[in-house]
Number of protein chains: 2
Amino acid sequence: MPASPQHSPRSRRERPAKAALSREVIVATAVAVMRAEGLRKVTMRRLAQELDTGPASLYVYVRNTDELHAAVLDELLGTVPPAPDGGTWRQRLEHVLVACTGMLLAHPELARAALTARPRGPHYLNLIETLLALLDEGGVPRAQAAWGVDLLLQHAVATAAEHAGGDDPEEWEQLIGVLRRAADDPTRPHIAAAAHALLSGTPENRVSWAFQTLINGIERTAVPE
Amino acid sequence: MPASPQHSPRSRRERPAKAALSREVIVATAVAVMRAEGLRKVTMRRLAQELDTGPASLYVYVRNTDELHAAVLDELLGTVPPAPDGGTWRQRLEHVLVACTGMLLAHPELARAALTARPRGPHYLNLIETLLALLDEGGVPRAQAAWGVDLLLQHAVATAAEHAGGDDPEEWEQLIGVLRRAADDPTRPHIAAAAHALLSGTPENRVSWAFQTLINGIERTAVPE
DNA sequence: ACCTGAACACCGTTCAAGT
DNA sequence: ACCTGAACACCGTTCAAGT
């Protein structure tokens, strides 16, 4: 077994013998480049450069850039730790989802890509299996559990995707300013009354509340027919 | 009052006297180009061409491409019709959210952009005011209503964003294939049991169920402290 | 202050040609 | 079948210079 390519993001300098092209080495290289420089640099051209070939060569193994990004995400999904043994099914479910969100938050650009190009690799299926198992353990009817999994994963991915493109601190200031002005505006009384609540809470509290809210809703809402 | 620029996406041919540059004409031109050719074509360079100037000129009025996209979305938010008069608060709330999702689904690329660059214009604030008012009418405590609005809008935006980049029919086939194979795999029994439910339902049913689920959860889940 | 041409440093994807 | 160089048709953003 050769050394895992993830841990040696080979620079143009120290490249050893040229590796044969394959979907696997392309995805592995993509993961390495992403870890080192972010998803923005995971482009067909850059990967081709990294692999000592022209961009056209990659299209033999990968349909397009989106499919490549989806493959990278599936790889990363493999790094989410399994649910811990202790606790209720709710606690374990929330734990897995928070862990998943945390992983995605470490790669917001990837989350953004995943929203459009859903992964469909083995790690993704394992995650769905885990979530379904926990909901089943909680006695949630199969149909709403199935639809609920979509909702839970969508929230995890979207929450992370919101942080793509770098969190401009000035943009946050502006939002606070807009809300403060709206709070003094008599034509929007509910925003005025809720201004504090709209901005309150730590990110952790909000993520935790959101998943509890989703789980509570999923438990109680039957699918049509 | 001059004719609304939204309705005359001036081609390079029929351009009248060159309009003075301003944030307003830039955003209006962006909306026109988006309606005519999609958000992908709403680029700094293309807009500059449309306005008979160089791309650098736009940076006087717009910080970057993301901010421009957010401004376009706020404009579109103005086209979402208000809640109808009849029905319960739940029905009206769901109605507004479905209408909002529908508008976003007509512009999935925009929804994708909105996930990262939140709009903060007047139409966005009006929408939040509407949602808060309906939740208040339903007796939902202020704090969880405020956090809930975020969750509801995130779902609307994310649902639409999932359709960005064109819905490849072949990709859908592949997902069905993956799930069918997973259904025969004894190592993932819950997916096997839920395979049908995972794929069932019309888009309309799913969106409606999702919002009901969110509202049910928001009603019942208190924020910490 | 506002506007601009030109430049810098890139993109995704396709295609005809090679092996 | 697999691989490639080169090309096509673009990007965002910055900067020095003009008005």
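Side chains included, hydrogens not; waters and symmetry mates left out as well; all remaining heavy atoms used. Each chain gets a letter, A, B and so on, in the order its sequence line appears, and its residues count up from 1.
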* Please determine which of A:E162, A:R112, A:H163 meets the side chain to side chain donor-acceptor pair (under 3.5 Å) test together with B:T116. =>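 Option passing the side chain to side chain donor-acceptor pair (under 3.5 Å) with B:T116: A:R112.
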
* What salt bridge (charged side-chain N to carboxylate O under 4.0 Å, His left out) pairs are there with at least one residue in residues 149-161 of chain A, not counting sequence neighbours? ->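 Sorted result for residues 149-161 of chain A: A:R118-A:D150, A:D150-B:R206.
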
* **5' priority, DNA chain D, between A:Y61 and A:R45 [closest heavy atom]** =>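 Final value for this comparison: A:Y61.
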
Whole-Å distance between [N] [atom2] and [X] [atom1]?
| X | N | atom1 | atom2 | result |
| --- | --- | --- | --- | --- |
| B:L68 | D:dC11 | CG | P | 13 Å |
| A:R40 | D:dC11 | CZ | P | 19 Å |
| A:L51 | D:dG5 | CG | P | 13 Å |
| B:E50 | D:dC11 | CD | P | 12 Å |
| A:D66 | C:dG12 | CG | P | 11 Å |
| A:L47 | C:dC11 | CG | P | 10 Å |
| A:Q49 | D:dG5 | CD | P | 13 Å |
| B:L58 | C:dC3 | CG | C1' | 11 Å |

* Spacing of the C1' atoms in D:dC11 and C:dC8 (rounded, Å) ->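 To the nearest whole Å, 12 Å.
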
* **Pairwise C1' distance for D:dC10 and C:dA9, with rounding to whole Å** =>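 Straight-line distance between the two C1' atoms is 14 Å.
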
Taking the side chain as every heavy atom from C-beta outward, state whether [X] and [Y] have any atom pair closer than 4.5 Å.
| X | Y | answer |
| --- | --- | --- |
| A:L131 | A:L93 | yes |
| B:F211 | B:V96 | no |
| B:L110 | B:L104 | no |

* Residue A:L21, side-chain heavy atoms: nucleotide from C:dC11, C:dT13, D:dT4 that is nearest ->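 Of C:dC11, C:dT13, D:dT4, D:dT4 is nearest to the side chain of A:L21.
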
* **Below 4.0 Å: OP1/OP2 of D:dC11 and any side-chain N or O of B:T43** =>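 Yes, within the criterion.
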
* Under 4.0 Å: is that the gap between some side-chain N or O of A:S57 and OP1 or OP2 of D:dT4? ->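 Looking at the OP1 and OP2 atoms of D:dT4, one of them is under 4.0 Å from a side-chain N or O of A:S57.
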
* Given Watson-Crick or G-U pairs with both distances under 3.5 Å, what dot-bracket string fits DNA chain D, with | for other-strand pairs and [ ] for crossing? -> ||.|||||...|||||.||

* To do: Would you mind checking if B:K41 and B:E50 are paired as a salt bridge, meaning a charged N to carboxylate O distance below 4.0 Å?
  =>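 Looking at B:K41 together with B:E50, the answer is no, because their closest N to O distance does not fall below 4.0 Å.
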
* When rounded to the nearest 0.5 angstrom, what distance separates CG in A:N126 from CZ in B:R188? ->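 So the gap between those two atoms works out to 4.5 Å.
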
Just the atom pairs and distances: protein N or O near nucleotides 14-19 of chain D's N or O, under 3.5 Å.
none

* **Heavy-atom pair with the smallest gap, counting every atom of A:L125 and B:I191** =>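 A:L125 and B:I191 have their closest heavy atoms at O-CD1, 3.3 Å.
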
* **Test item: A:E67 side-chain N/O and A:V62 main-chain N/O as donor-acceptor pair under 3.5 Å** =>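 No; judged by distance alone, with no hydrogens or angles, the pair does not exist.
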
